[in-house]
2 protein chains.
Amino acid sequence: MAPLPAKPDMKDRILEIADRLFYLQGIRAVGVDTIAAEIGISKRTLYNHFPSKDALISAYLARRFVAPRPSEKPPLEQILGTFDSLERRFAAKDFRGCPFVNAVAELGSEDQPVRKIAIAFKESRRLWFRDLLVQLGVADAEGLATQLVLLVDGSIAQDLVRNDPAMARAAKAAAVVLLANAGVRVGDGGATQKSQVKTR
Amino acid sequence: MAPLPAKPDMKDRILEIADRLFYLQGIRAVGVDTIAAEIGISKRTLYNHFPSKDALISAYLARRFVAPRPSEKPPLEQILGTFDSLERRFAAKDFRGCPFVNAVAELGSEDQPVRKIAIAFKESRRLWFRDLLVQLGVADAEGLATQLVLLVDGSIAQDLVRNDPAMARAAKAAAVVLLANAGVRVGDGGATQKSQVKTR
DNA sequence: GCCTACCTACACAGGTCTGTGTACCTATTT
DNA sequence: AAATAGGTACACAGACCTGTGTAGGTAGGC
């Protein structure tokens, strides 16, 4: 019955479905049978493309790990835009938190492959912020970048539980304050005089 | 063989062990057999105290939901102390993130009992911050309380992945800036003049 | 026409999971 | 002494899990 030409690369198709199911329902909650059935292939075919479920899990996370594409927009706009796009993603009903955090929470800290990729992802996001802050001339770009990822991950965790996109706006408001305090002129009516708070 | 006097209330003992295993290894990863074996009781006994694993999960989360005990310390000290105690907990090797966030991540957003208690917990923490901020005379106590819980949850998520207690310090530093911006005099050498940043 | 690659269907091994059924044992209370 | 409460051991039902084995079908390239 319609042997499915297998054109759009079977491996991609498997990953696409696995991604959706793993992300929405949890990794342990989804069996390989379920994935194969959802695609309409036999379990044997799936195991011909991935040697084990663990390999599929790793591939799932690796596929989620896409570097943010470089943008021509001004750095500040990019930074604050992060929170706007977070808010949009929160509003989508298929948002279920950060797949990397979720995977570590679910699989435990002993799962080294999963943890390694999760750490790499988190660090790459932090570095993305840091580089933009450097462009803005922020002195402690490292520290501020860390604080910004805290706001991002905090709003993600809160939204996962509460399902409230306003968390992204709260995070953005906090980010604006932190940026202003670091001497960045945020477009807010010039209310932003450099009055650094010594944080320790 | 030593029928275990069952004095310290069997139910508590079950919950205590279930808590440790659920929290450290994940809820789905731990079977009731494992819990019973760890306590040294038969599975039958466990099921005589809890009608199902779901009930045990709910009891586990309910037990984690302890209201912060009222303190005589000044409000600002309580707020900032939160981050210090977070740092201490991060440093402990048995810290594995927020049990409520982890449970929602693992069990899916469809599990209503679990989600409800997670939401209640998060909101209670936010209100705790808010009440302290009101005592400090902060105008937008609601908004700032939300921002503070973002920092708390952000640092928890980051520490879960990276295992880096410094995340708590970064969150504290950000909190200090946010508090100062809201007009709270933070004990930092008077570098804290009231120069509100309009956040929108 | 045939070979190769890839798919199918399907059974099954061996494990784990939740939850129950049954019969017995051992304190404490009455 | 007897009844009751709460524990034990242990088997088992029924579901689901990962992973494999086997035999056959079908399309494209040589």
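Quick note on labels: first sequence line is chain A, next is B, and so on, each numbered from 1. This is a predicted model, so every value here is computed, not measured.
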Counting heavy atoms from C-beta on, name the nucleotide in D:dT8, D:dG19, D:dT18 closest to the side chain of A:V32.
D:dT18
Atom-to-atom span, CE of A:M10 to C1' of D:dT26 - whole angstrom:
14 Å
Distance in angstrom units between A:I27 CD1 and D:dT18 P, rounded:
12 Å
Would you classify B:N48 as touching base, sugar-phosphate or nothing, given that sugar-phosphate means primed atoms plus P, OP1 and OP2, and contacts are heavy atoms under 4.0 Å?
nothing
Between A:D153 and A:R125, is there a side-chain N and carboxylate O pair less than 4.0 Å apart?
no
With the side chain defined as heavy atoms from C-beta on, A:Y47 is closest, among C:dG19, C:dT8, D:dT20, to D:dT20
May I ask you to verify if any side-chain N or O of A:H49 is less than 4.0 angstrom from the OP1 or OP2 atom of C:dC6?
no
Separation of atom CG in A:L46 from atom C1' in C:dC6, rounded to whole Å
14 Å
Distance check needed: D:dA13 P versus B:D33 CG, whole Å only.
17 Å
Side chain of B:K53 only, heavy atoms from C-beta on: which candidate in C:dC7, C:dT18, D:dT8 is closest?
C:dT18
Atom CZ of A:F50 and atom P of D:dT18: how far apart are they, to the nearest Å?
15 Å
Just how far, in rounded Å, is C1' of D:dC10 from CD1 of B:I41?
15 Å
Under-4.0 Å salt bridge between B:E87 and B:R169
yes
What is the ring orientation for B:F100 with B:F121, classed by angle as parallel under 30°, tilted 30 to 60°, or perpendicular over 60°?
parallel
Is it the case that D:dG19 (base atoms only) and A:K43 (side chain only) share a donor and an acceptor within less than 3.5 Å, ignoring hydrogens and angles?
yes
A:D9 CG - C:dA5 P separation (whole Å)
17 Å
D:dC17 P sits how many Å from A:L56 CG, rounded?
14 Å
Indicate yes or no: does A:E16 engage A:R13 in a salt bridge with an N to O separation below 4.0 Å.
no
Has the side chain of B:R44 got a donor or acceptor atom sitting under 3.5 Å from an opposite partner on the base of C:dG21?
yes
Side-chain N or O of B:T45 less than 4.0 angstrom from OP1 or OP2 on D:dT8?
yes
Verify, without hydrogens or angle tests, whether B:E38 (side chain) and B:I17 (backbone) share a donor-acceptor contact under 3.5 angstrom.
no
